[in-house]
Amino acid sequence: MDIKIIIDDKNIKTLTYDSPVLLSRVIRDSGCGFSFPCSGKGVCGKCRVRVTGCVSEADEREKKLTGENSAFRLACLTKATGDCELFLPDKNITALTDGLCSRYSHSPFGEGVGAAVDIGTTTVALYLYELENEKLLSVHSFANPQGIYGADVISRIEASLGEEKEKLRALISKGLEEGIAELCDKANINKEECKTAVVTGNAAMLSILLGEDVTGLSASPFTLADYFGKTVNINGMRTYIPRAISPFVGSDITCALISGSDIMKNEKLSLLVDIGTNGEMAIKKGDEIICCSCAAGPAFEGTGIRMGAPAREGAINRVWQERGKIKYSVIGDKAADGICGSALIDSLALFLSLKMTDETGLIKNPTVFEGQPAIEIADSGVYITQKDIRSAQLAKAAIRAGIDSLLNSCGAASEDLGRLILAGGFGSFISPENAEIIGLIPPGTAKRTVAVGNAAGMGASAILLSRQALEKSEITAKNAASLELATSDFFMKSYIDNMYFTKKD
Ligand code: FES
């Protein structure tokens, strides 16, 4: 049987199979960028596709996730049983590509044109520079094609331990090649001219890219086969991989620390937090830097939230109250069909302020959505369920417990904090005031919070443009201390204390 894969009305490719096959397998085989947030376990309901032709009937489990008579099918639960056409959405996810960069002496890593890349678990951000005069020529971003193996780092590590290791490596390697070609295209230059790159990311993403063994990242005690800080050949480009600090505080945090974010300049106690599926953070007290990483889970990136979505068209990105009414804004000129992390935080803060939920997170007068207690965001058709609130509570408790643990490691309290720096896409879009209301950041810190954009990408750019920045990244990563949270009683206590929206003392 033949299965046609169609994206944006274009027939991308046709694959042939002898026997019934799951659509998720077909998508993986096709190499098309597509996300399976729960790794195809049939629990998240996010792998929706449109399909015509011969396919299996939807069972009760699938109907529960998509609704009765849905026009969509879940790729990980639907089998092609004969010829069919599979329509994949053009996901249009973009990474935050702005940021701050301090000045280092100009001494580039290479000649001509070079690329700085930040490989995130969800998105990849790329910048193209004319190295001679530090001119930014173009910017591009794309969804990490490894999303087909799951939304979080753990699922990628698990996939990399088995037979899929080479496929994961090839996916990101090909993604980089195409991304750099796109960057060059935007700048009107030949892609062969880009001969140099600096590629940063978390330790798992970079280890997979380099084809290294990730066994040490899969179980405690966690270890890293290679701490990087080396030059390799990737797709024919001379590529520098910055040094990581620990197995779970990667080169991306090293880059964020040297990017010019205030943390390195600030005389006072300052804290850098990058909220992703892992909350990676670093505190600086005097000359000392201490880092940690906590598993927040992907709730704030939309996964595990019933109508959660990344920052794409149709996603509610802001929720507020105006003249007694709940208002919301949507990305793009589209009807709302999901909610992204920034709006989830707004909603939780608003529900709490309006006493629609109590401090334990319990919805007081719920409506029912898919059999669950829920609150609809105004009349948007987008609901936040009780289960979503519980997932968000776990995520925020982990991040807050990480912040409290770093403060505790310095013998400091939140009042001592001169600056709280939020790095990364999510951190740049959240409201610090609402983050403070739900207890994601400590009381009184919203007014001392600044967002610095894609600090990791800016740090990679600094290294590309200056050997001084490269040397600083080496020294910073080698000297930074790591705080182990998995065995920390303080972290566990703080995690439990912070489950509620207002910390219990
Ligand atoms: S339900 Fe298919 S990937 Fe989650």
Side-chain angles (χ1 to χ4, degrees), residues 35-48 58-78 150-152 277 296-310 312 314-319 321 326-328 330 335-398 434 437-440 498-502:
S35 176
F36 293 97
C38 70
S39 314
K41 295 192 178 90
V43 293
C44 73
K46 305 273 188 221
C47 57
R48 293 174 185 226
D59 61 12
E60 284 311 308
R61 178 178 169 200
E62 188 179 352
K63 282 184 191 159
K64 210 169 156 205
L65 288 165
T66 56
E68 288 284 343
N69 306 319
S70 169
F72 294 96
R73 299 296 306 269
L74 296 184
C76 71
L77 295 179
T78 306
D152 54 35
T277 49
F300 290 134
E301 296 192 333
T303 305
I305 301 298
R306 175 62 191 88
M307 297 192 77
R312 50 118 175 107
I316 295 179
N317 65 344
R318 202 89 280 168
V319 178
Q321 193 190 22
I326 294 181
K327 302 271 187 185
Y328 63 91
V330 179
D337 63 1
I339 182 163
C340 58
S342 54
L344 180 63
I345 289 179
D346 290 345
S347 304
L348 297 175
L350 199 57
F351 297 162
L352 204 55
S353 306
L354 298 176
K355 301 201 182 323
M356 294 163 77
T357 53
D358 65 18
E359 290 177 356
T360 70
L362 186 74
I363 300 175
K364 285 190 174 165
N365 294 302
T367 50
V368 176
F369 175 65
E370 295 178 344
Q372 275 198 65
I375 300 175
E376 185 180 6
I377 309 286
D379 293 323
S380 62
V382 173
Y383 293 80
I384 295 177
T385 67
Q386 185 67 70
K387 198 160 158 257
D388 296 339
I389 294 175
R390 297 296 179 222
S391 300
Q393 281 177 290
L394 295 179
K396 80 104 189 170
N434 287 337
I437 289 172
I438 68 165
L440 179 67
N498 282 295
M499 290 283 183
Y500 286 177
F501 283 118
T502 300

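Hydrogens, waters and symmetry mates play no part in the numbers below; they use all other heavy atoms, side chains included.
Residues K327 and V319 have side chains not in contact (no heavy-atom distance under 4.5 Å, counting atoms from C-beta outward). Side-chain contact between L362 and R390: present, with at least one pair of heavy atoms (C-beta onward) separated by less than 4.5 Å. Counting heavy atoms from C-beta outward, F351 and I384 have side chains that approach closer than 4.5 Å. No side-chain heavy atom of V382 sits under 4.5 Å from any side-chain heavy atom of E376. Two residues are said to be in side-chain contact when any heavy atoms from C-beta on lie closer than 4.5 Å; M307 and F369 meet this criterion.
Nearest approach of L354 to Q321, heavy atoms of both residues: CD2-NE2, 3.3 Å. Between Y500 and K396, the closest heavy-atom pair is O-NZ, 2.5 Å. Closest heavy-atom contact between S391 and G304: OG-O, 3.7 Å. Summarising the geometry of A378 relative to I326, their closest heavy-atom pair is CB-O, 3.6 Å, with the distance given to 0.1 Å. Counting all heavy atoms, side chain and backbone alike, N317 lies closest to V330 at OD1-N, 4.0 Å. Counting all heavy atoms, side chain and backbone alike, K41 lies closest to R61 at O-NH2, 2.6 Å.
In the model, D388 has a side-chain atom that pairs as donor or acceptor with a side-chain atom of T385 under 3.5 Å.
Applying the side-chain hydrogen bond (donor to acceptor under 3.5 Å, both in side chains) test to every pair with at least one member in residues 360-370, sequence neighbours left out, gives these pairs: R306-E370, D358-T360.
Here SG of C340 is found 12.5 Å from CZ of F300. Values are rounded to the nearest 0.5 Å.
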